[in-house]
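The block underneath contains the structure these notes are about, expressed in structure tokens.
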Amino acid sequence: MIIAPSLLAADSSRYSDEAKRAERSGGEWLHLDVMDGHFVPNISFGPDLVKSLRPKSKLFFDVHLMCSRPEVLIESFAKNGADQITIHVELGEKVHDLIWQIRSLGIKAGLAVNPPTNLSHVEPYLNEIDLLLIMTVNPGFGGQPFIEECLPKIRQADDWRKSRGYGYRIEVDGGIVFKTAVECAKMGADTFVSGTGLFKAGNMAAAIKKMRRLIIASPRTLPIQKQ
Ligand code: DX5
Ligand code: ZN
């Protein structure tokens, strides 16, 4: 199980200190949300931020590209220190090439699916990815409420993983706080992105510790569906 604080919720005038705080507090990955103002109605940061943070952090850099043309950014992020890059299945016919572009740079590849998108769209790629990111809010902004209707997708993704022998992680992202982390863990999620829930907690180390304890105490309970 991995907890990935999302830098989007950090103090943007002190990203370097905030990344160190996430590491000191016991986060394993640092989730970096890249928004292009086109795929989502917001802009965040680009490859230069990864370059400047890389020498200051040992955390695994989990880069989430919410971008219409990730093909022009992937190489820069990889060279600047991304450990994993996730692109969106909503990009359609270029998804396969994007996954292979990421893998060919020697880093891990993730595939994200937005709340309104049917999970069947990710099925053709399940044997090519290291991580399946199930969005639990519509991407673009931190601090939104968790969309409960996304929970069955986590269960389905875990069913596929167990019954077909895939090795991808199942990451959830958006509105993850103690209660929703537990709900996702019970469905089979193993990687938990949390921005507001951790960066805005008074004591981030205590919040991560508590989230981890609650998740460990909430193994998947539902039976696996026969395929
Ligand atoms: C949403 C981003 C998330 C965001 C989560 O567009 O992909 O990673 O940072 O933030 P919280 O945890 O505040 O919902
Ligand atoms: Zn994200």
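Side chains are part of it too, since the values below use all heavy atoms of this structure and drop only hydrogens, waters and symmetry mates. All ligand and atom numbering here is 1-based and tracks the order in the structure.
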Between [X] and [Y], is there a side-chain N and carboxylate O pair less than 4.0 Å apart?
X: Glu28; Y: Arg212; result: yes
X: Asp130; Y: Arg103; result: yes
X: Arg161; Y: Asp158; result: yes
X: Glu23; Y: Lys20; result: no
X: Asp83; Y: Arg54; result: yes

What protein heavy atom is closest to [atom], reported as residue, atom name and distance in Å?
atom: atom 6 (O) of ligand 1; answer: Gly140 N, 2.7 Å
atom: atom 10 (O) of ligand 1; answer: Gly142 CA, 3.7 Å
atom: atom 14 (O) of ligand 1; answer: Gly175 N, 2.8 Å
atom: atom 3 (C) of ligand 1; answer: Asp173 OD1, 2.8 Å
atom: atom 1 (C) of ligand 1; answer: Phe141 O, 3.7 Å
atom: atom 13 (O) of ligand 1; answer: Thr196 OG1, 2.5 Å

So if I count the atoms of ligand 1 from 1 in the order they appear, which ones are less than 4.0 Å from some heavy atom of [X]?
X: Met66; result: 6 (O), 7 (O)
X: His31; result: 8 (O)
X: Pro139; result: 6 (O)
X: Leu8; result: 9 (O)

Residue part near ligand 1, for Asp33, under 4.0 Å between non-hydrogen atoms:
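For Asp33, the contact with ligand 1 is made by the side chain alone.
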Which atom, counting only N, O or S, brings [X] closest to the Zn ion (ligand 2)?
X: Asp33; result: OD1
X: Asp173; result: OD2
X: His31; result: NE2
X: His64; result: ND1

Do [X] and ligand 1 have an N or O pair less than 3.5 Å apart?
X: Gly195; answer: yes
X: Gly174; answer: no
X: Ser6; answer: yes
X: Met35; answer: no
X: Ser194; answer: no
X: Met135; answer: no

Between the side chain of [X] and the main-chain N/O of [Y], is any donor-acceptor distance below 3.5 Å?
X: Asn114; Y: Asn138; result: no
X: Asn80; Y: Pro47; result: yes
X: Asn42; Y: Gly140; result: yes

Nearest 0.5 Å, what's the CG-CD1 distance between Leu111 and Ile99?
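One gets 5.0 Å once the value is rounded to the nearest 0.5 Å.
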Check whether the side chains of Ser6 and Asp173 place a donor and an acceptor atom closer than 3.5 Å, and report yes or no.
no
Could you go through His31 and Asp33, starting from their C-alpha distance and side-chain angles, then the distance that decides it, and tell me whether this counts as side chain to side chain donor-acceptor pair (under 3.5 Å)?
CA-CA 6 Å; His31 187 79; Asp33 285 309; 2.9 Å; yes
For a side chain to side chain contact (heavy atoms under 4.5 Å, CB included) check, start with the C-alpha distance between Ile134 and Val113, then their side-chain angles and the critical distance, and finish with the verdict.
CA-CA 5 Å; Ile134 298 183; Val113 56; 4.2 Å; yes
Non-hydrogen atoms of Gly143 versus ligand 1: any pair closer than 4.0 Å?
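A heavy atom of Gly143 does come that close to ligand 1.
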Under a heavy-atom criterion of less than 4.0 Å, does Lys200 contact ligand 1?
no
Would you say Leu133 and Phe39 are hydrophobically clustered, going by side-chain heavy atoms of ILVMFWY under 4.5 Å?
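Unlinked, Leu133 and Phe39 end up in two clusters.
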